[in-house]
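Worksheet for the structure shown next.
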Amino acid sequence: MIYLQLFLAFLRVGFFSFGGGMAALPLIEKEVVDTYHWLSNGEFLELVTLSELTPGPIGINSATFTGFKVVGIWGSLVATLAFCLPSIFLVSLIFRSLSYFEENVWVQHFLRGLRPVVIALIGVAAYSLAQKGIKDWFAIMLGIIVFTLVYQKKINPILLLLLSGVAGLIWYGS
Amino acid sequence: MLPLIKQEIVEKKKVLTDEEFIEGLSVAQSLPGAIAINTACFVGRKVRGIAGTLVSVLGASLPSFLIILFIASFFLQYRHLEVVQNFFRGATPAIVALIIGAVVDIGKSALDDWGDLIIAFILFFITLFFNLHPLWIVLIGGMLGVLRRK
């Protein structure tokens, strides 16, 4: 039963995650935190951070992580496979009629309609993570500093993520 | 990541031409799922049919799978430690900052279409207020895209 739930949850994630990893976060959160309670709020935040620090798509990372936490290696396999299945299915489906897919106005209008969806979903991800993880003025300050350094000074985001973690280590630890 | 895929597929192994790669990429980006996985499906299919797809997907997902499996097996045991928690408390605001940056970037690219921005705001608020499953937002947005341009 748990395997079936994992499979269906990540099948839904794979089928509806348009527009990259950040836009997929609300979808993943809905399944693994809200619906099935496989991860706590804190664990979900940690998963997002770990995904950002490691290579690879967040969909794969979250499927592997959640599957492992819930039932172990077999859970990881089932969830990760479920996440990849829609890609395999859809590419196989449209492969023979690529030009039809690219020129069909309904498909193109549908895809064009997803631009505001992606903006909204990334916004939801930011709101939800902020609500869960930013709880004091030190965190607010760190967020503002990182935002400024990434977008004004173009400093490497991964480096800043690590430094921000170290700042937390020092501030909250003392 | 994409330059890496291109280097491997087009320049080193020469399994696709530049044009085929660009076409595949545009399809991979418009389909749901991870772009790396979609690209792998496309390239594999082009080279060896369905079997090629399966092998490519395995290759594209295995490294992340193993890395996360490795991390998760330690992390879930030690995440309760205070040092670990403090690190993540510090890292979270940085993650939020990066995500807000992404919203700003994509929002800017949508400035040429006010309809898009208004729809984005509405979808944002209804997702939060009604606690909707995001898959409905995807379907509603796609339908609106069709209706607006019919």
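Throughout, protein chains are lettered first and strands after them, A, B, ... in sequence-line order, and every chain is numbered starting at 1.
At a heavy-atom cut-off of under 4.5 Å, chain B is reached by A:Leu90, A:Val91, A:Ser92, A:Ile94, A:Phe95, A:Arg96 from residues 89-96 of chain A, listed in order of number.
With a 4.5 Å cut-off on non-hydrogen atoms, B:Arg89 touches chain A through its backbone and its side chain both. For A:Ile145, no part lies near chain B; criterion is any non-hydrogen pair under 4.5 Å. Heavy atoms closer than 4.5 Å to chain B are found nowhere in A:Gln108, neither backbone nor side chain. In this structure, chain B has heavy atoms under 4.5 Å from both the backbone and the side chain of A:Ala139. At a 4.5 Å heavy-atom cutoff, the contact between B:Val138 and chain A is made by backbone and side-chain atoms alike. For A:Leu161, the parts sitting under 4.5 Å from any heavy atom of chain B are the backbone and the side chain alike. B:Asp105 touches chain A through its side chain: at least one heavy atom from C-beta onward sits under 4.5 Å away, while N, CA, C and O do not. For a residue to count as touching a neighbouring chain, one of its non-hydrogen atoms must lie under 4.5 Å from one of that chain's; by this rule A:Val105 does not touch chain B. For a residue to count as touching a neighbouring chain, one of its non-hydrogen atoms must lie under 4.5 Å from one of that chain's; by this rule B:Glu23 touches chain A with backbone and side chain alike. A:Leu163 does not touch chain B: none of its heavy atoms, backbone or side chain, sits under 4.5 Å away. Proximity to chain B (any heavy atom under 4.5 Å) is restricted, for A:Glu52, to the side chain, taken from C-beta onward. B:Ile71 touches chain A through its side chain: at least one heavy atom from C-beta onward sits under 4.5 Å away, while N, CA, C and O do not. Contacts between A:Leu121 and chain B at a heavy-atom distance below 4.5 Å involve the side chain alone, from C-beta outward. For a residue to count as touching a neighbouring chain, one of its non-hydrogen atoms must lie under 4.5 Å from one of that chain's; by this rule A:Pro26 touches chain B with backbone and side chain alike. For A:Leu27, the parts lying under 4.5 angstrom from a heavy atom of chain B are both the backbone and the side chain. Residue A:Ala130 touches chain B through both its backbone and its side chain, counting heavy-atom pairs closer than 4.5 Å. Only the side chain of A:Val150 comes within less than 4.5 Å of a heavy atom of chain B; its backbone N, CA, C and O stay farther away. With a 4.5 angstrom heavy-atom cutoff, B:Ser73 touches chain A via backbone and side-chain atoms both. Contacts between A:Ser76 and chain B at a heavy-atom distance below 4.5 Å involve backbone atoms as well as side-chain atoms. Residue contact with chain A, scored on non-hydrogen atoms closer than 4.5 Å, involves the backbone of B:Leu132 exclusively. If you measure heavy-atom distances from A:Phe138 to chain B, you find no contacts under 4.5 Å at all. With a threshold of 4.5 angstrom between heavy atoms, B:Ser30 approaches chain A through its backbone and through its side chain.
By number of non-hydrogen pairs under 4.5 angstrom with chain A, the leading residue of B:Gly145, B:Gly141, B:Ser109, B:Gly142 is B:Gly142. Contact tally against chain B (heavy-atom pairs below 4.5 Å) for A:Tyr151, A:Phe65, A:Trp106: the top residue is A:Tyr151. Chosen from B:Thr92, B:Leu54, B:Ile67, the residue pairing most often with chain A at heavy-atom distances under 4.5 Å is B:Thr92. Interface summary for chain B: among A:Leu98, A:Val48, A:Ile140, the most heavy-atom pairs under 4.5 angstrom belong to A:Leu98. With respect to chain B, the highest number of heavy-atom pairs below 4.5 Å among A:Glu43, A:Lys69, A:Lys135, A:Glu29 belongs to A:Glu43. Ranked by heavy-atom pairs under 4.5 Å with chain A, the list B:Ile95, B:Ile119, B:Ile137, B:Ile106 is led by B:Ile95. Contacts with chain A were tallied for B:Thr53, B:Ile100, B:Leu144; B:Ile100 has the most, counting heavy-atom pairs under 4.5 Å. Ranked by heavy-atom pairs shorter than 4.5 Å toward chain A, the options B:Leu69, B:Val27, B:Asn38 are led by B:Leu69. Taking chain B as the reference chain and counting heavy-atom pairs below 4.5 Å, the highest number among A:Pro86, A:Gly143, A:Gly56, A:Ser87 is found for A:Ser87. Of the listed residues (A:Asn61, A:Leu142, A:Leu149, A:Leu53), the greatest number of heavy-atom pairs within a distance under 4.5 Å of chain B belongs to A:Asn61. Note on A:Trp171, A:Phe15, A:Phe18: by heavy-atom pairs under 4.5 Å with chain B, the leading option is A:Phe18. Among B:Ile50, B:Leu147, B:Leu123, the residue with the largest count of heavy-atom pairs under 4.5 Å with chain A is B:Leu123.
Under the 4.5 Å side-chain criterion, counting only non-hydrogen atoms from C-beta, A:Val107 is not in contact with A:Tyr100. Within the 4.5 Å cutoff, the side chain of A:Leu111 has heavy atoms near those of the A:Phe101 side chain. Taking 4.5 Å as the limit, some side-chain heavy atom of A:Thr35 sits within range of a side-chain heavy atom of A:Lys30. The shortest distance between side-chain heavy atoms of A:Phe44 and A:Ile28 falls below 4.5 Å. The closest side-chain heavy-atom distance from B:Asp113 to A:Arg112 is below 4.5 Å. By the 4.5 Å heavy-atom criterion applied to side chains, A:Tyr36 and A:Leu6 are not counted as neighbours. Between B:Lys6 and B:Glu11, some side-chain heavy-atom pair lies under the 4.5 Å cut-off. Within the 4.5 Å cutoff, no side-chain heavy atoms of B:Glu20 are placed close to those of B:Val10.
Ring geometry for A:Trp38 versus A:Phe10: interplanar angle under 30°, hence parallel rather than tilted (30 to 60°). Ring-plane geometry between B:Phe74 and B:Phe70 is classed as perpendicular, the angle between the planes exceeding 60 degrees on a 0 to 90 degree scale with a lower cut at 30.
Between A:Val118 and A:Gly19, the closest heavy-atom pair is CG2-CA, 3.9 Å. The two residues A:Leu45 and A:Gly133 make their nearest non-hydrogen contact at CD1-CA, 3.7 Å. Closest approach of A:Gly21 and A:Ile58 over heavy atoms only: CA-CG2, 3.3 Å. Taking both residues in full, the closest heavy atoms of A:Ser164 and A:Val146 are given as OG-CG2, 4.1 Å, listed atom of the first, atom of the second, then distance.
Shown here are the side chain to side chain donor-acceptor pair (under 3.5 Å) partners of B:His133, two or more places apart in sequence or in another chain: A:Glu31.
Around atom OH of A:Tyr127, no more than 12 heavy atoms belonging to other residues, nucleotides or ligands sit under 6.0 Å away. By the 6.0 Å contact criterion, CZ on B:Arg149 is enclosed, its count of non-hydrogen atoms from other residues, nucleotides or ligands being greater than 12. More than 12 heavy atoms of other residues, nucleotides or ligands lie within 6.0 Å of CD1 in A:Ile2, so this atom counts as buried by the packing criterion.
A donor-acceptor pair is defined here as one N or O able to donate and one able to accept, closer than 3.5 Å; no such pair exists between the side chain of A:Thr80 and the backbone of A:Leu77. Here the side chain of A:Ser62 pairs a donor or acceptor atom with the backbone of A:Gly59 at under 3.5 angstrom. Judged by distance alone, with hydrogens and angles left aside, the side-chain atoms of B:Asn86 form no donor-acceptor pair with the main-chain N or O of A:Ile170 at under 3.5 Å.
The CG atom of B:Leu31 lies 13.0 Å from the CD1 atom of B:Ile37; values are rounded to the nearest 0.5 Å.
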| task | Would you sort out whether B:Phe88 and B:Phe75 count as a ring-ring contact (aromatic ring centres under 6.0 Å, His included), showing the intermediate values? | result | CA-CA 12 Å; B:Phe88 282 95; B:Phe75 183 74; 5.3 Å; yes
